[in-house]
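A short worksheet on the structure shown next.
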Amino acid sequence: MSKSEPVKVERRGGVATVIMNRPEKRNAMSPDLHRGMDQALAALEVDPEVKCVVIRGAGGNFSAGQDLKEFFRALEDKPAEAKQIQEVANRWRWHRLYNYDKPTIAMIEGYCVGGAFMQLLATDFAVAADNSVFSLSEVNWGILPGALVAKVVADSVLPRHALYYACLGDAFDGKEAARVGFVNYTVPAEQLEDEVAKLADRLMAKSPVVLRAVKQAMRQVRTMDFDQARDYLEAKDTAIRVDDPEQSYKVGLSQFIDKKSYKPVYQPFKLGTLANGKPGA
Ligand code: COA
């Protein structure tokens, strides 16, 4: 991979994988990397061929966080440039991803540090290698978990976990990240790509319109009161019945009630053990 391309995009069917591509710097996020991620994600969101977006790093690591040299030190005396790039960095790592029209998955291997928690927690799903290494290291650099890191961490896990890891800066592995809720589940490192591909395939089997509405609803209701949520969900529910070209609601009910051609099967399965597409395998 070329040093001059801090972001790469690979495609497999409807899945686009956006790669933070500075492996020699453990994918630390430089201004150029931020600009590249922002542009790539914006383009993929409106690309009709793309149904699901995966975010990963090159060379066996997710990201070592903000580039301490290029993002922090080099911009110390350039407030205008610093503000402009901070906006870009926050846009793609939070606002764009959080509101993304398509399902997104973070694929975590190696290091996931500091500022990388923003894209980790903005994506809809996160799957990590068992042996991946996480750290909210900011406290050790004399800075806060800034931008929106403190906010998104505090919103994502129990307060004791958020305080413990933010105040101590201790590293923890993928299994601990799953236990406290930073990622959905972990798998052995050698299975990570396959498991992420399986999750992407399962998401792409859903109606895109319905899936988008469900994920938006799950996010939006968090900050609403009960009356607002009921009203919003009613309107959203009506909207997807009008919008859904697959008519998922009518088709599904007709298959179950009239044609008896479809019956859901419920069987317990363990997250991360979807080998061969067989839940519970
Ligand atoms: N900013 C700038 N450069 C970074 C970086 C960062 N966040 N993380 C790694 N690098 C650079 C190193 O300076 C080194 O550059 P060099 O080859 O020019 O000397 C290169 O990437 C490789 O890093 P190295 O420390 O040798 O790799 P490692 O595999 O032994 O350790 C880390 C990887 C991620 C554990 C370690 O680099 C680290 O702790 N980085 C800082 C992470 C951090 O705290 N980020 C949050 C910032 S708020």
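When a ligand or atom number is given, it counts from 1 through the structure's own listing order.
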- Message: With a cutoff of 4.0 Å, is Glu24 in contact with ligand 1, counting heavy atoms of the residue only?
- Response: yes
- Atoms of ligand 1 close to Ser137 [distance to a heavy atom under 4.0 angstrom, numbered from 1]: 43 (C), 44 (O), 45 (N), 46 (C)
- Separation of Arg56 CZ from Glu193 CD (nearest 0.5 Å): 4.5 Å
- Message: Could you check whether atom NZ of Lys236 has more than 12 heavy atoms from other residues, nucleotides or ligands sitting under 6.0 Å from it?
- Response: yes
- Taking atom 25 (O) of ligand 1 as the reference point, report whether a protein heavy atom occurs under 4.0 Å from it. no
- Query: Considering only heavy atoms, does Gln66 approach ligand 1 within less than 4.0 Å through its side chain, its backbone, both, or neither?
  - Reply: backbone
- Message: I need the atoms of ligand 1 closer than 4.0 Å to a non-hydrogen atom of Val113, numbered in the order shown.
- Response: 42 (C), 43 (C), 44 (O), 45 (N), 46 (C)
- Task: Just need the protein heavy atom nearest to atom 41 (C) of ligand 1, so name the residue and atom and give the distance.
- Result: Trp141 CZ2, 4.0 Å
- Of all the non-hydrogen atoms in the protein, which one sits nearest to atom 40 (N) of ligand 1, and at what distance? Ala64 CB, 4.5 Å
- Item | Shortest protein contact, atom 1 (N) of ligand 1 (heavy atom only) | Leu68 N, 2.8 Å
- Query: Mind checking whether Val133 and Met118 sit in one hydrophobic cluster, side chains of I, L, V, M, F, W, Y counted as touching below 4.5 Å?
  - Reply: no
- Message: Within the protein, is there a heavy atom lying under 4.0 Å from atom 14 (C) of ligand 1?
- Response: no
- Taking side-chain hydrogen bond (donor to acceptor under 3.5 Å, both in side chains) as the test, write out the residues that go with Ser132, two or more places apart. none
- Considering residues at least two apart in sequence or located in another chain, which fulfil the side-chain hydrogen bond (donor to acceptor under 3.5 Å, both in side chains) criterion with Asp124? Thr104, Lys215, Arg219
- Do the side chains of Arg35 and Ile85 get nearer than 4.5 Å, heavy atoms only? yes
- Task: Could you tell me the residue and atom name of the protein heavy atom closest to atom 12 (C) of ligand 1, and the distance to it rounded to 0.1 Å?
- Result: Lys25 CD, 4.8 Å
- Among non-hydrogen protein atoms, atom 30 (O) of ligand 1 lies closest to Arg26 NH2, 4.6 Å
- Query: Within 4.0 Å of atom 19 (O) of ligand 1 (strictly less), any protein heavy atom?
  - Reply: no
- Identify, by atom number and element, the atoms of ligand 1 in contact range of Ala28, meaning under 4.0 Å from any of its heavy atoms. 1 (N), 5 (C), 6 (C), 7 (N)
- Message: Test of understanding: clusters of I, L, V, M, F, W, Y form through side-chain heavy atoms closer than 4.5 Å, transitively. Do Leu120 and Val54 belong to the same one?
- Response: no
- Treat each ILVMFWY residue as a node, draw an edge where side-chain heavy atoms are under 4.5 Å apart, and state whether Ile240 and Leu203 are in one component. no
- Message: Ring-plane angle category for His34 and Trp92, please: parallel below 30°, perpendicular beyond 60°, tilted otherwise.
- Response: tilted
- Hey, is atom 36 (C) of ligand 1 touched by any protein heavy atom at less than 4.0 Å? no
- Query: Phe182 and ring pair (Phe, Tyr, Trp, His ring centres under 6.0 Å): which partner among Phe125, Phe172, Phe62?
  - Reply: Phe172
- Task: Return a yes/no value for Ile143: is any of its N or O atoms, backbone included, closer than 3.5 angstrom to an N or O of ligand 1?
- Result: no
- Closest approach of any protein heavy atom to atom 33 (C) of ligand 1, naming residue and atom: Tyr111 CE1, 3.6 Å
